[in-house]
Protein chains: 2
Amino acid sequence: MSKSDVTLLAIANAAGVSQMTVSRALSNKPGVSRAKREEILRIAAEQGYVVNRTQQKSSSRRSHVIGLVTAELHNPFVSELVAGVGRAARTAGYELLVYSLVEPDQPPLPRVIKLMQQVIDGIIALLPYEHSYLEVLADARVPIITVDQYGRFVRFPSIAADSYAGACMAVRHLLGLGHKRIAFLTGDERLASAQDRHRAYLDTLTQAGIAIDPELVLAGNYSLSRGQSVVKSLLALKDRPTAVFAANDMSAIGVLAGLKEAGLRVPEEMSVIGFDDIPGAAQCHPALTTIRQPIQQMGRSAVNTLLALIAGLEAASPQIVLPTELVVRASTGVPRGG
Amino acid sequence: MSKSDVTLLAIANAAGVSQMTVSRALSNKPGVSRAKREEILRIAAEQGYVVNRTQQKSSSRRSHVIGLVTAELHNPFVSELVAGVGRAARTAGYELLVYSLVEPDQPPLPRVIKLMQQVIDGIIALLPYEHSYLEVLADARVPIITVDQYGRFVRFPSIAADSYAGACMAVRHLLGLGHKRIAFLTGDERLASAQDRHRAYLDTLTQAGIAIDPELVLAGNYSLSRGQSVVKSLLALKDRPTAVFAANDMSAIGVLAGLKEAGLRVPEEMSVIGFDDIPGAAQCHPALTTIRQPIQQMGRSAVNTLLALIAGLEAASPQIVLPTELVVRASTGVPRGG
DNA sequence: ATGAAAGCGCTAACAC
DNA sequence: GTGTTAGCGCTTTCAT
């Protein structure tokens, strides 16, 4: 007889009480005497009882399972965040299930959306490019939190690092080193984070009295390969920049690769700064100067906010913005003749 | 009234039949007249009915949902495989749920294991380093398939590409180009795939009459960073190799990066060949020659085999091995003075 | 070919 | 503080 047969009733019999008393004891609900409660907990532990979340959900509308949806499984930022969310969820007594959107810009099938409702209590959506399915879920009263946002679309509470402030720091760091011609490699501009970083770049330069040169703004998409391929356009400019601010670490690492390919030394001939501080940032050569997002903390915030929503509370603030931090490593330095 | 309220009973009422008839019609079971069946299907489609998988499971022991467990979310091979499995599952009328092992070498909590049993009909485990939890699941009669294997542990049916044959091809390709000193960067030797590739390297060289030089065998772990860092040991050898066979593409790309850093040209001064043919292999510089694993097909095989197991059939063959293919790109060439 | 009844494991609601 | 009842949505089993 495998453990999977341990049911509420089994424990009730073993303890000589009713099923309901066991349920109450196990869910920490009032209405059970201390003595009985302890006895029940002991027996349950002994027998290795674990609640059946799906039955729990079908009778109480709560499964204590949350879902995380993402289209970018292969993305270091995402996988870090998944880890953070997983830990936070578990700490709060929740399990985490991941729904992978196989087709990035395609909404999941109705079948899958339904499955989400049937299994989970709430959803954390990462980098929600396509979000029509979120509307469907919201209509079905599934609490939703997004990490980053699709444009300025604010129907759902979101968690994000302070992209604007972080990007300002990045640009100021380069300015402080003496750079005047600073290129910017954009992120995927459908996302709020990318828009914020872009705006911060423009604003900070302007505030520093430096005219914006549109040639120095290159269209990226947060990907390594784009970062790498964009380098030649950069080097083809008659008046080359002395530094590049890439909207995220992946594309910054791509830029590093492209520069290496072109034979330029970093930071002597070109400074590079990224954004995110993914694990790979510290390991590449030269180690990447970047803006750190508090990824673990973002995971925790996402979970806590979601749980509050599930509990029926309004999100304290619809948009939670977490501070970022400049991490200076080896990829930035004073410009030549600076 | 949201769609989520569409239940069997609702359709039964709308169709003027019993719940049971609707159930039968919708699950393609016999016992319903053609006319009624069609009528029911029409109404169900109209109302947007979707079965509640968890209820389905609690009464029939089948949810038509399968799970995929992996510790390496951030791994291009894994994410490709997840996509392939997702597509195949959906085609077969199953949904896919992903369980991410947050701590790579740590088994999931009993709570999570229990959740798996409660939600899914079977599990596909990717790169199962730690597999004690699989035993628990198997004891609970959850069908399991692994992709790749932990060592020579064959309790579970597995799907894998033919690592041995593929690695032989890789080495022969280099031999054919005229290389005599060929280094090997191992994979994570806990996995069967890594062991097979290693063995193939040794065997193929021996068969070609080339003595094995232990100095040319470098300990890797399938990671990019290890590939990169290992290059300096390679270049420090008094009698340098002219080619490197890396046990997978990620580490091969790392080797490429390390060589670029060291200023060596590929393939003029060093040939590099990988294994997997992940999407990144074609995009790096120079484009990587590699052994292609049929990742999509592996996903399909894994799903089909798992479904057979779920249906109560024995796996046709406990170990399914799929053929590999040499993909020649730009990272291999004749050795200098070859 | 169709339906009625029972049960899966759990909890909300209402007893006592 | 504790137990009983009913019900979630589905499928099994047994009638008809």
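Letters A, B, ... are given to chains in the order of the sequence lines, protein chains preceding strands, and every chain is numbered from 1.
Here dG9(D) presents its P atom at 13 Å from CD1 of I11(B), a figure rounded to the nearest Å. Distance N52(A) CG to dC8(C) C1': 9 Å, rounded to the nearest Å. Atom-to-atom, CE of M20(A) to P of dT2(D) comes out at 13 Å; the value is rounded to the nearest Å. In this structure, the NZ atom of K29(A) is 7 Å from the P atom of dT11(C), given to the nearest Å. Counting to the nearest Å, the P atom of dA12(C) and the CD atom of Q55(A) are 14 Å from each other. Rounded to whole angstrom, the span from the NZ atom of K57(B) across to the C1' atom of dC10(C) amounts to 17 Å. The nearest whole Å value for the distance from the CG atom in L9(A) to the P atom in dT11(C) is 13 Å. A straight line from CZ of R62(A) to C1' of dG9(C) spans 19 Å, rounded to a whole angstrom.
Of the candidate nucleotides dT12(D), dT2(C), dT11(C), dT2(C) has the atom nearest to the side chain of S33(B). Closest to the side chain of L8(B), out of dC8(D), dC10(C), dT11(D), is dT11(D). Residue S18(A) has its side chain nearest to dG3(D) when only dA12(C), dC10(D), dG3(D) are considered.
Note: H64(B) and Y94(B) have tilted aromatic rings, judged against thresholds of 30 and 60 degrees for the angle between ring planes.
Side-chain atoms of Y99(A) and L97(B), non-hydrogen and from C-beta on, do get closer than 4.5 Å to each other. Within the 4.5 Å cutoff, side-chain heavy atoms of V6(A) are placed close to those of I11(A).
Dense packing is recorded around CZ of R152(B), with more than 12 heavy atoms of other residues, nucleotides or ligands lying under 6.0 Å away.
S59(B) contributes no side-chain N or O that forms a donor-acceptor pair with the base of dC8(C) under 3.5 Å. In this model, a side-chain donor or acceptor of S58(B) finds a partner on the base of dG9(D) within 3.5 Å.
Across all strands, R24(B) comes closer than 4.0 Å to base atoms (heavy-atom distances).
Using a 4.0 Å cut-off between charged nitrogen and carboxylate oxygen, D105(A) and R190(A) count as a salt-bridge pair. For the pair D5(A) and K114(B), the salt-bridge criterion is not met [side-chain N within less than 4.0 Å of a carboxylate O].
A sub-4.0 Å separation between OP1 or OP2 of dT11(D) and a side-chain N or O of Q56(B) is present. Side-chain N/O atoms of Y49(A) include one lying less than 4.0 angstrom from OP1 or OP2 on dC10(C). Between dC10(C) and T54(A), no contact under 4.0 Å exists linking OP1 or OP2 to a side-chain N or O. One finds a side-chain N or O of S23(B) lying less than 4.0 angstrom from the OP1 or OP2 phosphate oxygen of dT11(D).
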Tell me, with the steps shown, if Q319(A) and S158(A) meet side chain to side chain donor-acceptor pair (under 3.5 Å).
CA-CA 5 Å; Q319(A) 316 300 325; S158(A) 74; 2.5 Å; yes
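Inspection of the S63(B) and Q56(B) side chains reveals no N or O donor paired with an N or O acceptor under 3.5 Å.
Of the residues in residues 35-46 of chain A, those lying under 4.0 Å from DNA chain D by heavy-atom distance are K36(A).
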